[in-house]
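Whatever order the structure lists them in is the order used to number ligands and atoms, beginning at 1.
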Amino acid sequence: MDTKVVRMSPDCLDMQGILEAGSILKNGGLVAFPTETVYGLGGNALDEKAAEKIYRAKGRPSDNPLIIHIAEFSAIEKIVKDVPQKAKLLADAYWPGPLTMVFEKKEIVPYGTTGGLETVAVRMPNHPIALELIRAGGGYVAAPSANKSGRPSPTIASHVEEDLGGRIDMILDGGPVGIGLESTIVDFTDEIPTILRPGYINQEMLEKVIGPVQMDKALMSVSGSIAPKAPGMKYRHYAPQGELVIVAGYPEDVQMRIRQLAEEKVMAGYRVGIIATDESAGEYPLGIVKSIGTRVHEETIAQHLFAVLREFDDSKVDFIYSEAFDTPQIGQAIMNRLLKAAGQHKIDV
Ligand code: TXA
Ligand code: MG
């Protein structure tokens, strides 16, 4: 299959391209598109066959449910049994935006979309291309991140082409995404709203609007002994080909340990990559050093994390040493993704 790529600026939409993409969705096809978090791979959420195609294109296990993207709050009524008051408050505060909420589903939502679950995840993305595509495509777009299963989520259109070129009908290329990490997922099917996946909207921002919110216990369990409530969180994601190790502690101690580790491996003939920041990149004389962003603006670290992991795959390193990024607002989400990529391998110095 030829994958058609349509480029446009989010500030100046190519409505003809979007309408064409919308009719692909209505006819059961697949279109990748930018959102404010990562690129998504869209299919008609109410068409079980489209969901099947999504799983096949990504090579994704079919028990891992898809998020339904909507463009109007009123669209939620058709797919969700009951929207609790607290969820309405969060929607008021953060939709459109990087927040996904899980509710009991109505019958119209096929099990193919929800991975067999009685619940459905819903999100209204904050991106003009995404919103217009959803409208053009019938209002309900199932969209996982547009990567091959197991690879880092795509933050630019060329990542999507690398993973899914030739396997999907169209890619809407709207340039780099803004946030770079997937949405926060909050489950409303429990008594206390529960964060299943941390994201840009953190616990404090949620609690400011609706009071107590809990973290899924599986997120705290390093050993992985507790099964996460979001089925997708149990898979080893983003794993780079090189062995990734995170080093955490005071900056000078971290830098010294990473220098030591890099020297050992380089001396032994291995290729080594280092994930540093603008502030620390000059501290590492050996290895391929990449700055992920600046600690002064933590958003830059989130924005570049997935791209840096992909770049290290391209440069075929055997080992990657990364600093830890426990930054104030997005640090929990960044570390959640980085630890997953490292198979939880972290050294505290
Ligand atoms: O930012 C995002 O959320 C991006 C963009 C494209 O919107 N999408 C995304 O989708 O990250 P995906 O499929 O890569 O991740 C969806 C996550 C998975 O961990 C899945 O298990 C969880 O959401 N999920 C979906 N439906 C669920 C449900 N009914 N109950 C619990 N978890 C659910
Ligand atoms: Mg994903």
Completion exercise
atom 6 (C) of ligand 1: closest protein heavy atom, distance to 0.1 Å, is G40 CA, 3.5 Å

Practice task
Using distance alone, with no hydrogens and no angle criterion, decide if S280 and R295 have a side-chain donor and acceptor under 3.5 Å apart.
Solution key: no

Problem - Backbone or side-chain N or O of T37 under 3.5 Å from ligand 1 N or O - result: yes

Problem - Audit row: R123, T37, side chain to side chain donor-acceptor pair (under 3.5 Å) steps and yes/no - result: CA-CA 11 Å; R123 157 163 136 82; T37 58; 3.1 Å; yes

Handout entry: Region of N64 engaging ligand 1 - heavy atom pairs below 4.0 Å
Key = side chain

Practice task
Ignoring hydrogens and angles, tell me if any N or O in the side chain of E104 forms a donor-acceptor pair with the backbone of T119 under 3.5 Å.
Solution key: no

Exercise for the section: Compute the centroid of each ring, for Y238 and then for F306, and state whether the two points are separated by less than 6.0 Å. Expected result: yes

Handout entry: Per atom 11 (O) of ligand 1, closest listed option by heavy atom (R197, K105, K229)
Key = R197

Problem - Residue T119 vicinity, atoms of ligand 1 by number, heavy atom under 4.0 Å - result: 28 (C), 29 (N), 30 (N)

Exercise for the section: Identify whether NZ of Lys or CZ of Arg in K88 sits under 6.0 Å from the centre of the six-membered ring of F73 and within 45° of that ring's axis. Expected result: no

Problem - Distance-only polar pair, side chains of D278 and S291, donor-acceptor under 3.5 Å - result: yes

Practice task
Answer yes or no: is there a donor N or O on one side and an acceptor on the other, between the side chain of N44 and the main chain of L25, under 3.5 Å?
Solution key: no

Fill in the blank from the handout: At a cut-off of 2.8 Å, protein N/O/S around the Mg ion (ligand 2) gives S145 OG

Fill in the blank from the handout: Per-atom filter on ligand 1: closer than 4.0 angstrom to a heavy atom of A121 are 25 (C), 26 (N), 27 (C), 29 (N)

Exercise for the section: Please indicate whether any nitrogen or oxygen in E182 is less than 3.5 Å from any nitrogen or oxygen in ligand 1. Expected result: no

Fill in the blank from the handout: atom 27 (C) of ligand 1 has as its nearest protein heavy atom P65 CG, 3.4 Å

Fill in the blank from the handout: For residues 258-275, the side-chain hydrogen bond (donor to acceptor under 3.5 Å, both in side chains) pairs (sequence neighbours left out) are none

Handout entry: Per-atom contacts, ligand 1 versus L117 - under 4.0 Å to a heavy atom
Key = 28 (C), 29 (N), 30 (N)

Exercise for the section: Give the residue and atom name of whichever protein heavy atom lies nearest to atom 23 (O) of ligand 1, and the separation in Å to one decimal. Expected result: I185 CD1, 3.1 Å

Problem - Linked, directly or transitively: V120 and L196 (ILVMFWY side chains, under 4.5 Å) - result: no

Exercise for the section: Before signing off on this row, confirm whether K58 and ligand 1 have an N or O atom pair separated by under 3.5 Å. Expected result: no

Exercise for the section: Tell me whether the guanidinium CZ or amine NZ of K290 lies under 6.0 angstrom from the six-membered ring centre of F312 and within 45° of its axis. Expected result: yes

